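Just below is one structure, and these are the notes that go with it.
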Amino acid sequence: MTDTHNEEQKSVDLEAKRVGKYTITDVDMDADDWVEQASKAVNAVKGDTYVELDRGILTVNQINALLKSLPVEITFADENNQFLYYNHNADAQDMFAKRQPEQVGSPLASGHPDQVKAHVEQMIDILRTGKQDVIHLPVRRHGADKFVVNSYQAMHDEEGNYMGVNEYVADLKPIVDWYLEQTHQKLVEDEVKPDAVSGASQHHENE
């Protein structure tokens, strides 16, 4: 890894101390009721209030139902690395990437142990600087009966400005099994073993 990349990575602030265009200030980011406090501070719409989207109009209730119905775990952290949302469709013990309602609003540093913070910083740097738009990581700790993939997608506004990271986690095995059954195909083991040891950081170093 080059010294230049190290310097760039050091500018990734997992403590979310910067103030961005949409940052809600004057609310303690680590408060368990951050959502409720922040909502009150900005008079956020809720319930049956209509929201105009890019190509559609939905109520807040409909948007919540839509996001919760997706068969993936979605997490959004903004450009300042503040954890702002997850589609709360399961309890933490039933999730692949465990989230708690009271974690929302916290800086990313609060949700990651010290031993992985450097890796998180590097991944965010890769996405923020446009070296990659998305990073996919297979996660095998959930067992051989699941094909769990953690994906990290850079988000941008219409002018191309970085807006944060959308993490989505899914078990691909049910849809793969269904596809194989429908098409009468099967998976076969590759003669070349995949590189399951090195993660995004090592691949990026190699590149």
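The structure displayed is predicted, hence computed values, not measured ones.
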With rounding to the nearest 0.5 angstrom, report the OG to CG distance, Ser106 to Asn81. 13.0 Å

State, with a plain yes or no, whether a side-chain heavy atom of Lys21 is found less than 4.5 Å away from one of Asn161. no

Quick check: closest heavy atoms across Ala109 and Lys117, and the distance to 0.1 Å? O-CE, 3.3 Å

Using 0.5 Å steps for rounding, measure from the CG atom of Asn87 to the CD atom of Glu73. 7.5 Å

Using the rule that Ile, Leu, Val, Met, Phe, Trp and Tyr join whenever any side-chain heavy atoms are under 4.5 Å apart, tell me whether Val42 and Met29 fall into a single cluster. no

Same cluster (ILVMFWY, side-chain, under 4.5 Å), Val149 and Val134: no

Could you walk me through whether Val104 and Tyr85 pass the side chain to side chain contact (heavy atoms under 4.5 Å, CB included) test, one step at a time? CA-CA 6 Å; Val104 178; Tyr85 171 81; 5.6 Å; no

Check the pair Thr59 / Val51 against side chain to side chain contact (heavy atoms under 4.5 Å, CB included), numbers first and verdict last. CA-CA 6 Å; Thr59 67; Val51 177; over 6 Å; no

Flag for Thr75-Asn166: side-chain donor and acceptor within less than 3.5 Å: no

For Tyr86, check ring pair (Phe, Tyr, Trp, His ring centres under 6.0 Å) against everything at least two apart and list the hits. His88

Evaluate the side chain to side chain contact (heavy atoms under 4.5 Å, CB included) criterion for residues Ile126 and Ile124: first the C-alpha distance (whole Å), next the side-chain angles of each, then the deciding distance (0.1 Å), finally the verdict. CA-CA 5 Å; Ile126 290 170; Ile124 292 175; over 6 Å; no

Verify, without hydrogens or angle tests, whether Gln103 (side chain) and Gln100 (backbone) share a donor-acceptor contact under 3.5 angstrom. yes

To the nearest 0.5 Å, what is the distance between CD (Gln182) and CG (Asp177)? 11.5 Å

Taking atom CD of Glu52 as the centre, report whether more than 12 heavy atoms of other residues, nucleotides or ligands fall under 6.0 Å from it. no

Test item: Asn150 and Val148 side chains (from C-beta on) under 4.5 Å apart, heavy atoms: yes

Count the heavy atoms of every other residue, nucleotide or ligand shown that sit under 6.0 Å from CG of Asp157, and state whether that count exceeds 12. yes

With clusters defined by side-chain heavy atoms of hydrophobic residues (ILVMFWY) lying less than 4.5 Å apart, directly or transitively, does Leu108 cluster with Met123? yes

Should we count CD of Gln93 as having more than 12 external heavy atoms under 6.0 Å? yes

Whether Asn89 side chain and Lys68 backbone form a donor-acceptor pair below 3.5 Å: yes

Looking at Leu58, Val60, Ile57, which one forms a side chain to side chain contact (heavy atoms under 4.5 Å, CB included) with Tyr50? Ile57

What I'd like to find out is whether the side chain of Asp133 reaches to under 4.5 Å of the side chain of Gln153, using heavy atoms alone. yes

Do any N or O atoms from the side chain of Asp33 and from the backbone of Glu36 form a donor-acceptor pair under 3.5 angstrom? no

Taking every non-hydrogen atom, the tightest pair across Ser151 and His136: OG-ND1, 2.7 Å

For residues Ile175 and Tyr179: do they belong to one hydrophobic cluster (side chain heavy atoms under 4.5 Å, members Ile, Leu, Val, Met, Phe, Trp, Tyr)? yes

So, the side chain of Asp13 versus the backbone of Glu15: is there a donor-acceptor pair under 3.5 Å, distance only? yes

Heavy-atom closest pair (Pro107 atom, Ala16 atom, distance to 0.1 Å) is CB-CB, 3.7 Å

If you measure from CG on Leu67 to CD1 on Ile74, what distance do you get to the nearest 0.5 Å? 5.5 Å

Closest non-hydrogen atoms of Phe76 and Gly164, given as atom of the first, atom of the second and distance, are CE1-CA, 4.3 Å

So does Val45 get a backbone contact from the side chain of Thr49, meaning a donor-acceptor N/O pair under 3.5 Å? no

Give the minimum heavy-atom separation between Met163 and His156, together with the two atoms involved. SD-C, 3.6 Å

When clusters are formed by joining ILVMFWY residues with side-chain heavy atoms under 4.5 Å apart, either directly or through shared neighbours, do Leu137 and Val176 land in the same one? no

With rounding to the nearest 0.5 angstrom, report the CG to CD distance, Leu127 to Glu167. 11.0 Å

Once rounded to the nearest 0.5 Å, what's the spacing between atom CG of Leu187 and atom NZ of Lys173? 8.5 Å

Step-by-step side chain to side chain contact (heavy atoms under 4.5 Å, CB included) determination, Asn80 to Thr23: CA-CA 8 Å; Asn80 297 318; Thr23 302; 2.8 Å; yes

Mind checking what makes ring pair (Phe, Tyr, Trp, His ring centres under 6.0 Å) contact with His142, not counting sequence neighbours? Phe96

Among residues at least two apart in sequence or on other chains, which ones pass salt bridge (Lys or Arg N to Asp or Glu O under 4.0 Å) with Lys98? none

Quick check: do Trp34 and Asp28 have side-chain heavy atoms less than 4.5 Å from each other? no

